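Every value quoted in this text rests on a predicted model; they were computed, and no experiment measured them.
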Amino acid sequence: MPDKNHLTIAESDTIEQAFQRLNANKLGILFARDAEGRVIGAVTDGDIRRRLLTGISIQGEVASCINRDFVWARAGAPREQILKLLDQRVHVVPILDADSRLVDVFSRDLFNLGEESEVFARARSPVRISFSGGGTDLTHYFVDNDGGSVINATIAMYAHATLRRRNDNRIRIYSHDFRCTVEADNLAGLGSGGELALIKSVVRLIQPAYGFDLDVSADFPVGSGLGGSAVVSSAIIGCFNEFRSDRWDRHEIAEMAFQAERLMLNIPGGWQDQYATVFGGFNHMEFSSEQNTIVPLRLEANIVAELEESLVLCYTGSNHDSGSIHRDQKQQHETSDAVAAAAKQKEVTREIRHHLLRGQLLECGRLIDEAWHAKRRLSPLISSTELDAIYDLAKANGAVGGKLLGAGGGGYFIFFVRPFQRYPLIAALEQKGLSCSRIAFEENGLRTWKSRIKT
């Protein structure tokens, strides 16, 4: 805004003084103020000249030239309102506060955009449910056994991350799920072990050249079998990606999430979780030593809706240690029974894809049952007497098939149920103290965006 002294004039000042200020501000207008400093009107070059033609002296008071019916806008008025005034009626709009004092001036060539607002990066990444093939996405398996194959889909449960860049090198990370805050003076001081090790691993992989505040939360419990570690990692990577000019693509983000967890932290596990959460939707994934292939499945909307009505998500109340289960699977995978079970998983995966695309969902339910029995043979840690009892209870009360999600050992079951048997199944499970919920599929994967607080 030009100097206020060149924009306003006291109503008791002279017309000669008004001419001098008009020449100085180059806007062709002044705003007259009373003795208390309140703006009471506008004075233009034309207003003054018209009064001079009536014989008034150039030493006369400005008060005689004031247009008291002038256009103005209140401080905080919407930008569009001011633009409309400029577009229709005037060339300059004064902005007045609640006491009618001048705080700014907008013109067709001069519009104060205000100070740059603080920008946040946000991300949310969905969890996945797997229908078949879990365990064949482990590197040690598919390298030695002619590839791996899985089918999964993302659902509307998410990990959330919010990132703010700082003007110094300090780092603050808060996990809502662990109720834990980690702080460091810089990246070197963050360390690698201890609390929030996974998040630290992701940050060390990214190597940001600035300090930041990072908040992370999830809609699901730790050890749920929904691929939560990969989901959290991808959400964090997505936030940092928002501040890059050369963005990582979806394959790169999935591979980074894999590297941070599997290689840097040395936590055993497969590949499907990272790709599922980043790509989103229904996917058939194939893994080999040369490449990972992600093939989206384009299901009709009615098939997706019917599948949502046919599935029940059941939380067992116990969480699992996927790392220990995968370590045991690696030891077991050379036994003939485990190799045959994994081969059966791949066979069932192909069949589920065939029936899923055609909407033959009851057959999918039966195949999920086959996949579960095959998966249980991969490691004795995948199920237990208590978990088998839950599965048997579900089968006795209307479930066509089901499976533990993720590595097994706890977390969530998913059950496929026929129409009219959904609620008897839920009732039977809830009588045993288990928690059941619906499934809503999420067709989008990782979503990131920037946000700012507007004042």
Atom [atom1] in [X], atom [atom2] in [Y]: separation rounded to 0.5 Å?
X	Y	atom1	atom2	value
Ile151	Leu356	CD1	CG	6.5 Å
Leu307	Leu299	CG	CG	8.0 Å
Thr181	Leu214	OG1	CG	11.0 Å
Leu86	Ser107	CG	OG	7.0 Å
Ile352	Leu297	CD1	CG	11.0 Å
Ser233	Ile199	OG	CD1	8.5 Å

Any donor-acceptor pair under 3.5 Å from [X] side chain to [Y] backbone:
X	Y	answer
Thr154	Gly281	yes
Arg166	Asp168	no
Asp177	Ala218	yes
Glu442	Asn444	yes
Arg422	Glu309	yes
Arg358	His354	yes
Arg247	Asn241	yes
Gln345	Gly134	yes
Ser310	Glu306	yes
Asp137	Trp271	yes

Using a strict 4.0 Å threshold on nitrogen-to-oxygen distance, state whether Asp99 and Arg38 make a salt bridge.
no

If the threshold is 4.0 Å, N to carboxylate O, is there a salt bridge linking Asp388 and Arg376?
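Yes, this pair counts.
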
Distance-only side-chain donor-acceptor flag, [X] / [Y], under 3.5 Å:
X	Y	result
Ser125	Thr277	yes
His160	Arg124	no
Tyr210	Asn169	no
Asp215	Thr162	no

Arg74 charged N/C atom sitting above Trp72 aromatic ring, 6.0 Å / 45°
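No, Arg74 does not sit over the ring of Trp72.
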
Answer yes or no for Arg165 and Phe212: cation-pi contact, defined as NZ/CZ to six-membered ring centre under 6.0 Å and angle to ring axis within 45°.
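Here Arg165 fails the 6.0 Å and 45° test against Phe212.
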
Parallel, tilted or perpendicular: rings of Phe131 and Phe441 (30°, 60°)
tilted

Determine, stepwise, if the pair Arg452 / Glu118 fulfils salt bridge (charged side-chain N to carboxylate O under 4.0 Å, His left out).
CA-CA 6 Å; Arg452 60 189 176 121; Glu118 187 174 26; over 6 Å; no

Assert yes or no for the condition that the ring centre distance of Phe220 to Tyr158 is strictly below 6.0 Å.
no

Let me know which of [options] forms a side chain to side chain donor-acceptor pair (under 3.5 Å) with [X].
X	options	result
Ser130	Lys403, Gln272, Lys375	Lys403
Ser149	His284, Glu286, Glu347	His284
Arg128	Asp273, Asn283, Asn152	Asp273

Taking it one step at a time, do Met285 and Val295 satisfy side-chain contact (heavy atoms from CB on, under 4.5 Å)?
CA-CA 6 Å; Met285 302 180 182; Val295 181; over 6 Å; no

One pair to check against side-chain contact (heavy atoms from CB on, under 4.5 Å): Val150 and Phe287. What are the steps and the verdict?
CA-CA 9 Å; Val150 301; Phe287 303 94; 3.9 Å; yes

May I ask you to check whether over 12 heavy atoms, not counting those of [X], lie within 6.0 Å of atom [atom1]?
X	atom1	answer
Asn167	CG	no
Arg447	CZ	no
Glu183	CD	yes
Glu252	CD	yes
Asp146	CG	no
Gln421	CD	yes
Asp69	CG	no
Lys432	NZ	no

Tell me which donor-acceptor pairs under 3.5 Å the side chains of residues 366-374 have, and how far apart each pair is, sequence neighbours excluded?
residue	atom	partner	partner atom	Å
Arg366	NH1	Glu363	OE1	3.2
Asp369	OD1	His373	NE2	3.4
Asp369	OD1	Tyr391	OH	2.4
Asp369	OD1	Lys395	NZ	3.3
Glu370	OE1	Lys344	NZ	3.1

Assess the residue pair Thr316 and Leu404 against the criterion (side-chain contact (heavy atoms from CB on, under 4.5 Å)); give the C-alpha distance rounded to whole Å, side-chain angles, the decisive distance to 0.1 Å, and a yes or no.
CA-CA 9 Å; Thr316 64; Leu404 272 174; 4.2 Å; yes

Going by side chain to side chain donor-acceptor pair (under 3.5 Å), name the residues that satisfy it together with Arg179, two or more places apart in sequence or in a different chain.
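Counting only residues at least two positions away or on another chain, Arg179 forms a side chain to side chain donor-acceptor pair (under 3.5 Å) with His176.
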
Under the rule for ring-ring contact (aromatic ring centres under 6.0 Å, His included), what residues qualify as partners of His251, not counting sequence neighbours?
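With neighbours one apart ignored, the set is Phe279.
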
Between Phe142 and Thr136, is a side-chain contact (heavy atoms from CB on, under 4.5 Å) present by the stated rule, with each step listed?
CA-CA 6 Å; Phe142 63 70; Thr136 70; 6.0 Å; no

